[in-house]
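Scroll down for the structure; my scribbles are underneath it.
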Amino acid sequence: MAAASGGLWRRPAAGLARAVRAIGGSGRAAGPALRAQQLAERLRARRSEEKKPEVPKDPVQRWVQELAKLSKQLQQVHPNVLAKVLKQATVYQNEEIVVINKPYGLPVHGGPGIKNCIADVLPILAKMLENMKAEPLHLCHRLDKETTGVMVLARSKEAAEKIRLLFKTRQVEKIYWAITLGDPDPSRGIVEIPMVEKEVQSHQPHYKMTLAPNYRLSPEDGKVVKIRQSCDAERAVTRYRLLASASACSLLELQPITGVKHQIRVHLAYGLGCPILGDHKYSHWSKLAPQKLPEITLKRLKLEQSKARHLPLHLHAHRLSLPLGQQIDLVCKPPLFFQKTLKKLELEVTNEAAGEQD
């Protein structure tokens, strides 16, 4: 039957009717039933073909298309499926905590337009981990939607409160990796510039974080002059060092001492002049536009500038050191797209550079 139906797809309507009658034999009731079945299968196949997006032949273009779908797909899956994804992303657990390697494009909290978030599926994830006997897991800290990497969940309210206090009192050491445009000068140091959220007046008015320095250069003599700090500004401190450099890009190791919103992104883009690859929000101050990439970077990524808007944010929470009785060091490998970008840009990290301590 399968072989016969395969040949029917290419026949005109009259041929289809004759074929159905032939298959149905002499029984009058079988003919219309089989004809309806064949037509229904044909219609389903056509609809299926119409729904299939055009797949680019170029492997690089396919890669960019896949990256563009990541966040959308996570918003469409059933909560049980999302919980299963997080279970597979578990890298460590004990009686107090569960640690996951957070996927790209998944928000921690809900909000307008968000169907799926980590907070909503924690009860489901807890049951999957504890054979239906655990109470819901608890958030201890947060990562931005586009940031990947180490994320700690607590098994109880008491453990969550204890860990939140460790974050608040800066007893947790956090190490991030970021691929940036350009090289920082100097190659290692500390950015200590307060930050504040402001409205940007452009063709699309929007809010974003920006620097609120305590000092400025005097226009008269070029000397550094202390200025009055904005009452809304927050202290922000980020330690950084260069791990590798190539293709007009860098791989930086970052340690945020404070925890201000978008701190790493703003300090890199506006403080060091090295925006994170794929950070379309903080690559420009006065407008919302796709990031402009250097020619050498586009060439190594085999990417057209018009497709740069699909590049994801290359910021990864690489390591977290948590003092819970004993020191727990948690490490998560960067996601596949991050690793592919490192390879394409020829950013090679030596074991010595990765393991060096400040």
Side-chain angles (χ1 to χ4, degrees), residues 74 77 79-111 114 116-178 238-239 253-264 313 315-336 338 354-355 357:
L74 286 171
V77 300
N80 288 353
V81 176
L82 181 56
K84 189 173 182 180
V85 170
L86 296 181
K87 180 186 177 183
Q88 293 171 344
T90 301
V91 296
Y92 176 85
Q93 54 183 311
N94 62 18
E95 65 279 0
E96 286 190 293
I97 62 173
V98 173
V99 181
I100 62 171
N101 189 348
K102 179 188 168 297
Y104 176 85
L106 181 62
V108 174
H109 296 285
I114 295 176
N116 279 332
C117 66
I118 291 177
D120 288 347
V121 300
L122 290 183
I124 305 173
L125 176 60
K127 291 177 181 179
M128 288 181 175
L129 293 171
E130 292 290 342
N131 297 320
M132 310 294 287
K133 295 180 181 179
E135 64 174 289
L137 295 165
H138 302 268
L139 295 169
C140 299
H141 62 119
R142 63 176 297 164
L143 294 174
D144 289 343
K145 174 183 174 182
E146 298 87 359
T147 305
T148 60
V150 184
M151 185 166 187
V152 180
L153 307 170
R155 291 188 183 274
S156 66
K157 290 182 180 179
E158 295 74 21
E161 290 172 0
K162 180 167 62 173
I163 294 169
R164 287 172 194 150
L165 182 61
L166 292 175
F167 275 97
K168 187 176 181 180
T169 54
R170 298 170 190 165
Q171 296 183 60
V172 179
E173 183 181 292
K174 298 169 287 183
I175 300 295
Y176 289 73
W177 278 10
T238 307
R239 179 180 288 130
E253 180 187 84
L254 305 137
Q255 182 183 1
I257 308 302
T258 54
V260 180
K261 176 183 176 182
H262 295 173
Q263 174 181 315
I264 291 176
L313 182 75
L315 178 61
H316 176 70
H318 179 60
R319 182 166 63 85
L320 189 147
S321 186
L322 198 62
L324 280 178
Q326 59 181 4
Q327 202 73 19
I328 303 176
D329 287 320
L330 306 161
V331 178
C332 285
K333 289 183 179 180
L336 189 58
F338 196 112
Q357 298 296 320

Tell me the closest heavy-atom pair linking [X] and [Y], and the distance in Å.
X	Y	result
Ile175	Glu253	CG2-CG, 3.5 Å
Cys140	Ile163	CB-CG2, 3.7 Å
Leu153	Leu137	CD1-CD1, 4.1 Å

Is the shortest side-chain heavy-atom distance between [X] and [Y] below 4.5 Å?
X	Y	value
Leu320	Phe167	yes
Leu330	Val91	no
Val99	Leu322	no
Leu324	Lys162	yes
Ile328	Asn94	yes
Arg319	Glu173	yes
Val172	His141	no
Leu254	Arg239	no

Going by the side chain to side chain contact (heavy atoms under 4.5 Å, CB included) test, name the single residue among Thr148, Leu82, Leu86 that passes it with Pro103.
Leu86
Looking only at atom types and distance, does a side-chain atom of [X] sit under 3.5 Å from a main-chain N or O of [Y], one as donor and one as acceptor?
X	Y	answer
Lys102	Thr147	yes
His138	Pro136	yes
Asn101	Lys333	yes
Asp144	His262	no
Arg164	Leu139	yes

Once side chain to side chain contact (heavy atoms under 4.5 Å, CB included) is applied, do any residues pair with His318, and if so which ones, sequence neighbours excluded?
Trp177, His316, Val331
Side chain to side chain contact (heavy atoms under 4.5 Å, CB included) involving Lys261 - partner list, sequence neighbours excluded
Glu197, Met209
Rounded to the nearest 0.5 Å, how far apart are [atom1] of [X] and [atom2] of [Y]?
X	Y	atom1	atom2	value
Ile100	Leu106	CD1	CG	7.5 Å
Leu336	Tyr104	CG	OH	14.5 Å
His109	Ile118	NE2	CD1	9.0 Å

So, using ring-ring contact (aromatic ring centres under 6.0 Å, His included) as the criterion, who are the partners of Tyr176 when residues are at least two apart?
none
